[in-house]
Colleague: 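This is the structure I want to talk about, given as structure tokens.
Here the structure is a predicted model, which means the values were calculated and not measured.
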Amino acid sequence: MTSIAQQGLPAVRARRADAERNRAAILEASTAIIVEQGSLLDVRQVARRSGVGMGTLYRHFSTKEELLNAALERLFSSWVTLAREAAKAIDDPMAALEDFFEQTLVCRDRGRALNTAYSNSAQAPIAECGHLLDSLIDELRTRAQDAHVLRPDVTVEDLALLLTSLSQLAQTTGNTHPETWRRLLRISLDGLSSEHTEALPLCPSNG
């Protein structure tokens, strides 16, 4: 004989499945809006696009900031996974590093969300997103240095700051001088070559 508790299990499971679908829909809508518009989320727009009510949205994410944090982390995680797979498909370590920079900067919508989360200290997910990004950059850096094609004194921080600077440039000059970042990226990458043996200046914090 089926107990009362067991009879209630299908209904509980159905509610949980609905809740998971709603949460996934909210995050999917949020990340799509971030890609399109940057990180200034309108929760009403998120609710409309995900097909849920405001009450449902706030049951999953009690504040707008909590939703933004979760969406940015989801976007970063997905982006890092794709970038890592693309890098592994390129045999030349330096070419993999160059492709990572170029593809990140070409995709300005992704770059906008990345730059906002990574460089804006007011955003709570900066630490987690920064760890994800630094981990990927470190893999690319180590691979290139092990192959002796990247300067041995280049750090993760160097490459992360270069990416942030070029992302900002791509965003600010995209409408007027869309190819400016390509020129500066080429200059920067040439400077990263292991052919240059003169030691880099120390950062103030290291001096």
Colleague: Report the residues that fulfil salt bridge (Lys or Arg N to Asp or Glu O under 4.0 Å) with D92, sequence neighbours left out, ordered by chain and then residue number.
Modeller: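 D92: no salt bridge (Lys or Arg N to Asp or Glu O under 4.0 Å) contacts found.
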
Colleague: Can you measure from OG (S135) to CG (L140) and round to the nearest 0.5 angstrom?
Modeller: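 Result: 9.5 Å between the selected atoms.
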
Colleague: With sequence neighbours excluded, tell me which residues meet salt bridge (Lys or Arg N to Asp or Glu O under 4.0 Å) with R44.
Modeller: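 R44 satisfies salt bridge (Lys or Arg N to Asp or Glu O under 4.0 Å) with D42 only.
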
Colleague: Do you know the tightest heavy-atom contact between A71 and T31?
Modeller: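 That would be O-CG2, 3.3 Å.
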
Colleague: Would you call F61 and L27 a side-chain contact if the rule is heavy atoms closer than 4.5 Å?
Modeller: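 Yes, close enough: below the 4.5 Å cut-off.
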
Colleague: Would you please name every residue forming a side chain to side chain contact (heavy atoms under 4.5 Å, CB included) with R49, sequence neighbours left out?
Modeller: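 Listed in chain order: A29, A32, I33, E36, Q45.
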
Colleague: Are side-chain N/O atoms of R59 and T56 paired as donor and acceptor at under 3.5 Å?
Modeller: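 Yes, side-chain donor-acceptor contact under 3.5 Å.
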
Colleague: Please report the interatomic distance CD1(I137) to OG1(T104), rounded to the nearest 0.5 Å.
Modeller: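 Reported value, rounded in 0.5 Å steps: 8.5 Å.
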
Colleague: Out of curiosity, E139 CD to L97 CG, how far, rounded to the nearest 0.5 Å?
Modeller: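 The CG atom of L97 is 12.5 Å from CD of E139, to the nearest 0.5 Å.
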
Colleague: Return the set of residues passing salt bridge (Lys or Arg N to Asp or Glu O under 4.0 Å) with E102 (not counting sequence neighbours), or none when no residue passes.
Modeller: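 Here the qualifying residues are R182.
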
Colleague: Identify, with sequence neighbours excluded, every residue that meets side chain to side chain donor-acceptor pair (under 3.5 Å) alongside S188.
Modeller: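 If we apply the side chain to side chain donor-acceptor pair (under 3.5 Å) test to S188, skipping adjacent residues, there are no hits.
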
Colleague: With a 3.5 Å cut-off and no angle check, do the side chains of T155 and D158 form a donor-acceptor pair?
Modeller: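 Judged by distance alone, the side chains do pair up.
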
Colleague: To the nearest 0.5 Å, how far apart are CZ in R23 and CG in L67?
Modeller: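 Answer rounded to 0.5 Å: 9.0 Å.
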
Colleague: Working to the nearest 0.5 angstrom, can you tell me the gap between Q168 CD and L163 CG?
Modeller: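 Going from the CD atom of Q168 to the CG atom of L163 covers 10.0 Å.
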
Colleague: For V80 versus L133, what's the shortest heavy-atom pair and its separation?
Modeller: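 Looks like CG2-N, 4.5 Å.
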
Colleague: May I ask you to decide if I26's main-chain N or O and S30's side chain share a donor-acceptor pair within less than 3.5 Å?
Modeller: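 Yes: the side chain of S30 pairs with the backbone of I26.
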
Colleague: Check whether any side-chain heavy atom of W181 sits under 4.5 Å from a side-chain heavy atom of V106, and report yes or no.
Modeller: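 Side-chain contact under 4.5 Å: yes.
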
Colleague: Please list all pairs passing the salt bridge (charged side-chain N to carboxylate O under 4.0 Å, His left out) test where one or both residues lie in residues 161-171, with sequence neighbours left out.
Modeller: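 Salt bridge (charged side-chain N to carboxylate O under 4.0 Å, His left out) check on residues 161-171 returns no pairs.
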
Colleague: Name all residues meeting the side chain to side chain donor-acceptor pair (under 3.5 Å) criterion together with E66; count only those two or more places apart in sequence or in a different chain, and write none if there are none.
Modeller: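 By the side chain to side chain donor-acceptor pair (under 3.5 Å) rule, E66 matches S62.
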
Colleague: Just so I know, are the side chains of L184 and I187 near enough to count as touching, which here means a heavy-atom distance under 4.5 Å?
Modeller: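 A side-chain contact exists here, since the closest heavy-atom pair is under 4.5 Å.
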
Colleague: Among all residues two or more places apart in sequence or in another chain, which pass the salt bridge (Lys or Arg N to Asp or Glu O under 4.0 Å) test with R151?
Modeller: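 R151: salt bridge (Lys or Arg N to Asp or Glu O under 4.0 Å) contacts with D153.
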
Colleague: Heavy atoms only: give me the nearest R141-V154 pair and the separation to one decimal.
Modeller: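 For R141 and V154, the tightest heavy-atom pair comes out as CD-O, 3.4 Å.
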
Colleague: Sequence neighbours excluded, which residues qualify as side chain to side chain contact (heavy atoms under 4.5 Å, CB included) partners of E195?
Modeller: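 Testing E195 for side chain to side chain contact (heavy atoms under 4.5 Å, CB included), a comparison that skips the adjacent residues, returns S193.
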
Colleague: Is there a side-chain contact between V43 and Y58 (heavy atoms, below 4.5 Å)?
Modeller: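 The answer is yes, as the side chains (C-beta and beyond) meet within the 4.5 Å cut-off.
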
Colleague: List the residues meeting side chain to side chain contact (heavy atoms under 4.5 Å, CB included) with L189, not counting sequence neighbours, and say none if there are none.
Modeller: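 Testing L189 for side chain to side chain contact (heavy atoms under 4.5 Å, CB included), a comparison that skips the adjacent residues, returns E98, L185, R186, L192.
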
Colleague: Please enumerate all residues that pass side chain to side chain donor-acceptor pair (under 3.5 Å) together with E28, with sequence neighbours excluded.
Modeller: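 Side chain to side chain donor-acceptor pair (under 3.5 Å) check on E28 returns R74.
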
Colleague: Looking only at atom types and distance, does a side-chain atom of S50 sit under 3.5 Å from a main-chain N or O of A47, one as donor and one as acceptor?
Modeller: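 Yes: the side chain of S50 pairs with the backbone of A47.
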
Colleague: Say whether I90 and V149 are linked into one hydrophobic cluster, either directly or through other cluster members, by side-chain heavy-atom distances under 4.5 angstrom.
Modeller: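 Different clusters: I90 never reaches V149 through Ile, Leu, Val, Met, Phe, Trp or Tyr contacts under 4.5 Å.
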
Colleague: Under the side chain to side chain donor-acceptor pair (under 3.5 Å) test, which residues partner R143, sequence neighbours left out?
Modeller: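 Residues passing side chain to side chain donor-acceptor pair (under 3.5 Å) with R143: none at all.
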
Colleague: Roughly how far, to the nearest 0.5 Å, is the CH2 atom of W79 from the CG atom of L136?
Modeller: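 These two atoms lie 6.0 Å from each other.
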
Colleague: Give me the atom names and distance for the closest heavy-atom approach of I34 to L75.
Modeller: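 Scanning both residues, the minimum pair turns out to be CG2-CD2, 3.8 Å.
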
